[in-house]
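Here the structure is laid out as structure tokens; the discussion comes afterwards.
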Number of protein chains: 4
Amino acid sequence: MRLKELREQVCEANLELDRRKIVVHTWGNVSGIDREQGVIVIKPSGVSYDKLTPDKMVIVGLNGQVVEGDLNPSTDTKTHLVLYRAFANIGGVTHTHSAHAVAWAQARREIPCFGTTHADYCNGPVPLTEPLSPDEVTRDYEAETGEAIVRRIGKGNPLATPMVLVAGHGPFTWGKTAADSVLNAVFLEEIARIATATITIAPHAGPVEDYVLNYHYQRKHGPGAWYGQKK
Amino acid sequence: MRLKELREQVCEANLELDRRKIVVHTWGNVSGIDREQGVIVIKPSGVSYDKLTPDKMVIVGLNGQVVEGDLNPSTDTKTHLVLYRAFANIGGVTHTHSAHAVAWAQARREIPCFGTTHADYCNGPVPLTEPLSPDEVTRDYEAETGEAIVRRIGKGNPLATPMVLVAGHGPFTWGKTAADSVLNAVFLEEIARIATATITIAPHAGPVEDYVLNYHYQRKHGPGAWYGQKK
Amino acid sequence: MRLKELREQVCEANLELDRRKIVVHTWGNVSGIDREQGVIVIKPSGVSYDKLTPDKMVIVGLNGQVVEGDLNPSTDTKTHLVLYRAFANIGGVTHTHSAHAVAWAQARREIPCFGTTHADYCNGPVPLTEPLSPDEVTRDYEAETGEAIVRRIGKGNPLATPMVLVAGHGPFTWGKTAADSVLNAVFLEEIARIATATITIAPHAGPVEDYVLNYHYQRKHGPGAWYGQKK
Amino acid sequence: MRLKELREQVCEANLELDRRKIVVHTWGNVSGIDREQGVIVIKPSGVSYDKLTPDKMVIVGLNGQVVEGDLNPSTDTKTHLVLYRAFANIGGVTHTHSAHAVAWAQARREIPCFGTTHADYCNGPVPLTEPLSPDEVTRDYEAETGEAIVRRIGKGNPLATPMVLVAGHGPFTWGKTAADSVLNAVFLEEIARIATATITIAPHAGPVEDYVLNYHYQRKHGPGAWYGQKK
């Protein structure tokens, strides 16, 4: 894939954040990776969505240096880079401050898998990172945020749990492409919103039965998945 | 009614889900039945609403085989079929993951009939199914979901309670036509949303008086109903 | 004012309900009165807002007979008529099932005057009617609903408390004109929505100080009101 | 800056309130100051947003007299003036009745700094004023509201805490320009909305760690801030 195409995809994915109404102002950023060329394409910092065009996207090397672009990349760029280095099968990363996902992150609670809506996209609770220590914040806050995510997600397949809540901060999501990572951000916000209502109705609600969770997750994502159309 | 017309009605009913904003992404499906020909028309699986056209609808026989159509039907097709076989007077079925209806289903609580807004459309609480057993999930999850709904609704008139919550999953609604089943999905979501607020304000709120419930239900649906215009 | 003009105003006021997004489907109705001619103009029953035109409005005499119009008037017509007969200085009445106002009505709680947003439009709590008895429901439900409202509002100036919650049902509002009664329905829904959030944050929140309530109410509605522009 | 330009900026800032959907009806007002000429430009009282044009803005001297304009200025004008006199480095002030900010003001609770979304814009909790006394309300309610804000914000840099909740009333925000004060009103409403959800999920949620708060605040607003683009 040429970088021109990736610029367009990442720009479009950032605009989709705004169209799906999960960002206020400039509170979100999406990136995509070209693993062959060893670069990511990411939103410039603090630029509003109505002014985003593909040529304003910033190209950054995996070690963090800007390769191409006149604008500063997102301040969260280092977090994105840590995720790309640790999760070899992901192609896109999204960060937002969508309201209910942030609320669970601020409440410092994992989102239990209360039902099939959740199980369709995330194979278990939406995990929560450990808080950063003062040292980690001082040393390299954005990179350490990525490391905390990687520690929490662990060694399994990151696409089985394509979403996380950073304690006291908010959600990061990922996917095979930049567009998929945005969809996962949309799904996480809806899952979180429904979860907030669930515990309002039943403060001690428990998770859905394991065998239902597994069935739903496999129906969409397992080796013999039959949801959707043949690709 | 020719199948062409039913295709159009069912396509339109699926699009209405999106326009009424009770679905996110592809999280909902509507079907309609032609009882003379013994077939249902249903949304294809995983196709987004902006790409739906009448010719993409899938025609499925009552025993589950695809009669016409290049795309896979909704993964929930077997649930729809069980409902059509059990409820002889319904013409349409809708399934969504609308937020507040899902929240009550996840909280595993029936929605009490808190007031006349609810009584206008559902003659008593919105019922909740029993959870499926591991055996039922393994054997035939989607069909067993339908059977659990049929057991819960019972032998009475299904149009008097045209909505149900599947425990840990979400709502199914039905009606005389595909369009009516969508309206019932819209009403259920609004009833559920208001019920969430009601118990936020008064955690021990009780149901509306039986004689008010009955009066409102009969005003719209009884033999001498006088709501609306003569048809 | 000629009836043609009142038809247009009442039609427009009904459409405003929909534009302000405080109604779902056909769940609301507005009327206006011509006291000289002794008739009200009201929405036809069960007609959706996208099909409303001034000529479809129904003209009803103060004793309840239809004077002009091919369609059935709103089933709530008798409630409107009771209010017009009891409250000599009102010119319009609105009934909705807006979510948060209904939630408080279902929770059977008055809305305390928690702050100035409320005090700007309603001089004290939003009152709640007593429930109807079985006899009242059987005898003449819609008229008795009006009587319960009139008993609750009492002998004072109804424009100082232009809104009420009917227990287990929902809100009625009124004003000098049909358009004003719709604005009061919009304000009540917003007041109720903010009140729901208020008790979520502080379950035992108390009302605003009386002297602030009075100041705000007088600033907008008192004899020397200085809010807005000279008329 | 000529007054014509300031009229346009303030008019545009008022319209932005409506476009961002943080006001209902006429429930909000924005002003801007020209410190050289010693005047502010402010929204006229009770005029709806769809009728606002730059020439309808009212110009008011710092002592409160109308300098130019046929319409009455906002009834909250005196509050704005007190803020401009006390906070020498602000250029715009916004007042709204946005739902969640009002709910916290009515609940009489400061909004704890639950996370980084909040820390990005406000260096600590969103403060709450002391209630006014009966004397203060009688003497000069709008000016005393401003004085209560000034007492609460104190002698520090008002731009580090560009938002306040007036107890029982609602939010005031400020910024370097009228447009910035509107953005702060948008941010406050979103911060308040997320905070309401946070305490729904975890009633005893605590604030974010101080060292994270400081890091985030400095990243956007400190002397070496690196968020956004070089100006």
Side-chain angles (χ1 to χ4, degrees), chain A residues 16 19-22 98-100 111-121 179-180 182-222 224-231, chain B residues 21 23-27 44-48 51 56 58 69-77 95-111 131-142 144-145 165-171 192-193 195-200 203:
Chain A
E16 185 73 3
R19 282 192 295 257
R20 294 275 190 156
K21 297 191 181 161
I22 58 168
S98 69
H100 285 276
I111 307 178
C113 184
F114 284 130
T116 63
T117 313
H118 180 135
D120 278 341
Y121 296 101
D180 278 358
V182 171
L183 272 180
N184 283 329
V186 171
F187 299 154
L188 170 53
E189 176 59 12
E190 188 70 5
I191 287 166
R193 185 167 81 98
I194 298 175
T196 308
T198 300
I199 60 165
T200 299
I201 300 164
H204 304 292
V208 73
E209 296 81 359
D210 275 349
Y211 51 92
V212 174
L213 190 170
N214 291 333
Y215 182 85
H216 262 265
Y217 187 77
Q218 296 300 326
R219 187 168 87 163
K220 281 210 164 166
H221 305 282
W226 63 99
Y227 180 89
Q229 307 299 329
K230 290 188 204 73
K231 303 283 163 76
Chain B
K21 296 192 183 160
V23 286
V24 166
H25 199 53
T26 62
W27 299 2
S45 180
V47 174
S48 67
K51 289 181 182 150
K56 284 192 183 139
V58 188
D70 300 329
L71 297 168
N72 297 333
S74 165
T75 48
D76 298 307
T77 299
H95 171 51
T96 78
H97 288 249
S98 69
H100 285 275
V102 168
W104 283 85
Q106 291 188 160
R108 315 245 167 166
R109 287 183 64 178
E110 293 194 348
I111 307 177
L132 296 189
S133 70
D135 270 7
E136 287 169 327
V137 169
T138 307
R139 195 188 315 138
D140 198 347
Y141 174 73
E142 289 83 4
E144 293 295 346
T145 297
L165 304 172
V166 176
H169 185 155
R193 185 166 81 99
T196 307
T198 300
I199 61 167
T200 299

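The shown structure was predicted, so the numbers you read here are calculated from the model rather than taken from an experiment. Convention: sequence-line order gives letters A, B, ...; per-chain numbering from 1.
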Of the backbone (N, CA, C, O) and the side chain (C-beta and beyond), which part of A/H216 lies under 4.5 Å from a heavy atom of chain B, both, or neither?
side chain
Considering only heavy atoms, which portion of A/L183 lies under 4.5 Å from any heavy atom of chain B: side chain, backbone, both, or neither?
side chain
Can you tell me how far the [atom1] atom of [X] sits from the [atom2] atom of [Y], to the nearest 0.5 Å?
| X | Y | atom1 | atom2 | answer |
| --- | --- | --- | --- | --- |
| B/T75 | A/K220 | OG1 | NZ | 7.5 Å |
| A/I194 | B/H100 | CD1 | NE2 | 9.0 Å |
| A/I201 | B/I111 | CD1 | CD1 | 7.5 Å |
| B/S45 | A/W226 | OG | CH2 | 10.5 Å |

Run the side-chain contact (heavy atoms from CB on, under 4.5 Å) test on A/Y227 and B/T26 for me, step by step, so that the C-alpha distance in whole Å, both residues' side-chain angles and the decisive distance to 0.1 Å come before the verdict.
CA-CA 11 Å; A/Y227 180 89; B/T26 62; 2.9 Å; yes
For chain B, find which of A/H204, A/H118, A/R219 contributes the most heavy-atom pairs closer than 4.5 angstrom.
A/R219
Residue part contacting chain A, namely of [X], when any heavy atom lies under 4.5 Å:
| X | result |
| --- | --- |
| B/V24 | side chain |
| B/S74 | neither |
| B/P203 | neither |
| B/T145 | neither |
| B/L71 | both |
| B/V47 | side chain |

Within the structure provided, determine whether B/Q106 and A/T116 are in side-chain contact (heavy-atom separation under 4.5 Å).
no
Within the structure provided, determine whether B/Y141 and A/V212 are in side-chain contact (heavy-atom separation under 4.5 Å).
yes
A/F187 vs B/H25 aromatic rings, parallel, tilted or perpendicular, using cut-offs 30° and 60°?
perpendicular
B/E142 and A/Y215 side chains, donor-acceptor separation under 3.5 Å
yes
Taking all atoms of both residues into account, what is the closest heavy-atom pair of A/T198 and B/A103, and its distance?
OG1-CA, 3.6 Å
Using only atom types and a distance under 3.5 Å, with no angle test, would you say the side chain of A/Y211 pairs donor to acceptor with the backbone of B/D135?
no
Any donor-acceptor pair under 3.5 Å from B/N72 side chain to A/Q229 backbone:
no
Chain A interface, residue from B/G168, B/P134, B/A99, B/G46 that has the most non-hydrogen pairs under 4.5 Å
B/P134
